[in-house]
Amino acid sequence: MNKLSRDFYMGDTVTTARELLGKYLVRQMSGNMIAGRIIETEAYIGAIDKACHAYNGKVTPRTKTLYGPPGHAYIYFIYGMYHCMNVVTEPEGQASAVLIRGLDIVKGFDTAAGLRYGTVKLSPYQIRNISNGPGKLCMALDLTRELNGCDLLGDELYITDGLPGVDNVTWPVKATKRVGIDYAEEAKDFLWRFI
DNA sequence: TTCAGGATGTACT
DNA sequence: GTACATCCTGAAC
């Protein structure tokens, strides 16, 4: 397993979004580790994307991280109760990021279940829904604003191209329209969502 | 199995 | 005051 390098995040955001599929998001906590395969992403590019919080050079306390150097986590609070996690891409000064929308938990399932539901005994319905959405995966991995701006080349939260004992899986990549952003007008039609 | 409605903090008008 | 990169619950098919 190798951590993805800073260079990986430096390039084009849409390309990075596609390449993040199948990679592993790893969360290290005291004594516990949770890892999940990335199965769904979306690209957000501040300069030209009305859906992005930082569209047209907007800077707010919330979006500040987006302008920072690549390879950092941008975690924000939405709808009053949920978090979403992005990976900051492109060089410092470019407000671009890849939203992680879906994960397949491959390590530390019980720990993730405890964080998300408060129990390790889950119904099939709960197992299916443990991390198949941006808000859900943040609950399962305990991603909060505490980790906003966290360096993905550090030890607490990072992304690798493989894990010991876990087979890499590949499957056809689909590019689709993004969801939940109808207000963004023409930007909602960009094929920037990858499954 | 799908659907409508509510919860709720932050940022922007 | 309004809208938001969401999810869960409960009700109807």
Side-chain angles (χ1 to χ4, degrees), chain A residues 9 12-18 20-21 25 34 36 38-68 70 72-90 94-105 112-150 152 157 159 174-195:
Chain A
Y9 306 103
D12 176 69
T13 302
V14 177
T15 305
T16 306
R18 191 161 39 224
L20 273 173
L21 290 174
L25 180 65
I34 304 172
I38 297 171
I39 57 174
E40 190 173 340
T41 63
E42 279 183 18
Y44 284 84
I45 299 179
I48 60 171
D49 187 356
K50 286 183 185 167
C52 183
H53 296 154
Y55 171 62
N56 209 6
K58 261 189 303 191
V59 183
T60 69
R62 183 170 69 161
T63 62
K64 207 171 49 185
T65 312
L66 276 174
Y67 291 87
H72 286 243
Y74 167 49
I75 298 173
Y76 65 93
F77 203 44
I78 191 69
Y79 292 126
M81 357 170 61
Y82 297 105
H83 302 272
C84 293
M85 180 201 165
N86 298 245
V87 176
V88 178
T89 59
E90 307 201 18
Q94 303 288 319
S96 301
V98 176
L99 170 67
I100 311 294
R101 290 192 62 85
L103 275 188
D104 217 8
I105 307 283
L115 284 167
R116 175 134 157 63
Y117 296 112
T119 173
V120 299
K121 302 183 66 156
L122 304 185
S123 69
Y125 181 81
Q126 288 177 312
I127 291 173
R128 213 183 70 212
N129 288 291
I130 189 163
S131 61
N132 65 339
K136 303 180 210 178
L137 72 90
C138 285
M139 276 186 258
L141 298 209
D142 193 27
L143 302 175
T144 68
R145 276 175 299 178
E146 305 281 302
L147 284 167
N148 187 28
C150 172
L152 294 176
L157 182 66
I159 299 177
K174 274 194 294 192
T176 74
K177 292 180 186 182
R178 295 177 295 177
V179 297
I181 54 165
D182 287 346
Y183 66 93
E185 302 174 24
E186 76 275 2
K188 79 180 196 296
D189 290 330
F190 294 169
L191 297 179
W192 284 358
R193 178 180 178 211
F194 301 104
I195 310 178

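Computed from a predicted structure; not experimentally measured. First the proteins, then the strands, lettered A, B, ... as listed; each starts at 1.
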Exercise for review: Round to the nearest Å and state the distance from Lys50(A) atom NZ to dA3(C) atom P.
Suggested key: 17 Å

Review point. Can you pull the salt bridge (Lys or Arg N to Asp or Glu O under 4.0 Å) pairs that have at least one residue in residues 115-143 of chain A, sequence neighbours excluded?
Key: Arg27(A)-Asp142(A)

Check your understanding: Parallel, tilted or perpendicular: which describes the rings of Phe77(A) and His83(A), with under 30° parallel and over 60° perpendicular?
Key -> tilted

Exercise for review: Heavy atoms only: give me the nearest Ile75(A)-Asn148(A) pair and the separation to one decimal.
Suggested key: N-OD1, 3.0 Å

Check your understanding: If you look at every strand shown and take non-hydrogen atoms under 4.0 Å, does Asn86(A) touch a base, only sugar-phosphate, or nothing?
Key -> base

Exercise for review: Between Arg128(A) and Pro61(A), just flag the one whose closest nucleotide in DNA chain B comes earlier from the 5' side.
Suggested key: Arg128(A)

Exercise for review: With the side chain of Arg62(A) defined as its heavy atoms from C-beta on, choose the nearest nucleotide among dT9(C), dC7(C), dA11(B).
Suggested key: dA11(B)

Practice item. Give one of base, sugar-phosphate or nothing for Arg193(A), where a contact means two heavy atoms less than 4.0 Å apart. Key: nothing

**Study point:** Closest to side chain of Lys136(A), choosing from dT10(B), dC4(C), dC7(C)
**Key:** dC7(C)

Review point. According to the Watson-Crick and G-U wobble definition with distances under 3.5 Å, which dot-bracket string, read 5' to 3', encodes DNA chain B, using [ ] for crossing pairs and | for pairs with another strand?
Key: |||||||.||||.

Practice item. Dump the intermediate steps for side chain to side chain contact (heavy atoms under 4.5 Å, CB included) on Glu186(A) and Lys50(A), then the final yes or no. Key: CA-CA 8 Å; Glu186(A) 76 275 2; Lys50(A) 286 183 185 167; 3.4 Å; yes

Review point. Which part of the nucleic acid does Ile181(A) contact within heavy-atom distance under 4.0 Å: base, sugar-phosphate only, or nothing?
Key: sugar-phosphate

Check your understanding: Of the nucleotides dC4(C), dT10(B), dA7(B), which has the atom closest to the Ile78(A) side chain?
Key -> dC4(C)

Review point. Where is the tightest heavy-atom contact between Asp104(A) and Ser131(A), given as atom of each residue plus distance?
Key: N-OG, 4.3 Å

Exercise for review: Output yes when at least one side-chain N/O atom of Arg116(A) is less than 4.0 Å from OP1 or OP2 of dC8(C), else no.
Suggested key: yes

Review point. Under 4.0 Å between a side-chain N/O of Arg145(A) and OP1 or OP2 of dG9(B), yes or no?
Key: no

Check your understanding: When all nucleic acid strands are considered with a 4.0 Å heavy-atom cut-off, which category describes Tyr82(A): base, sugar-phosphate, or nothing?
Key -> base

Which atoms of nucleotides 11-13 of chain C (N or O only) lie under 3.5 Å from a protein N or O atom, and what are those distances?
none

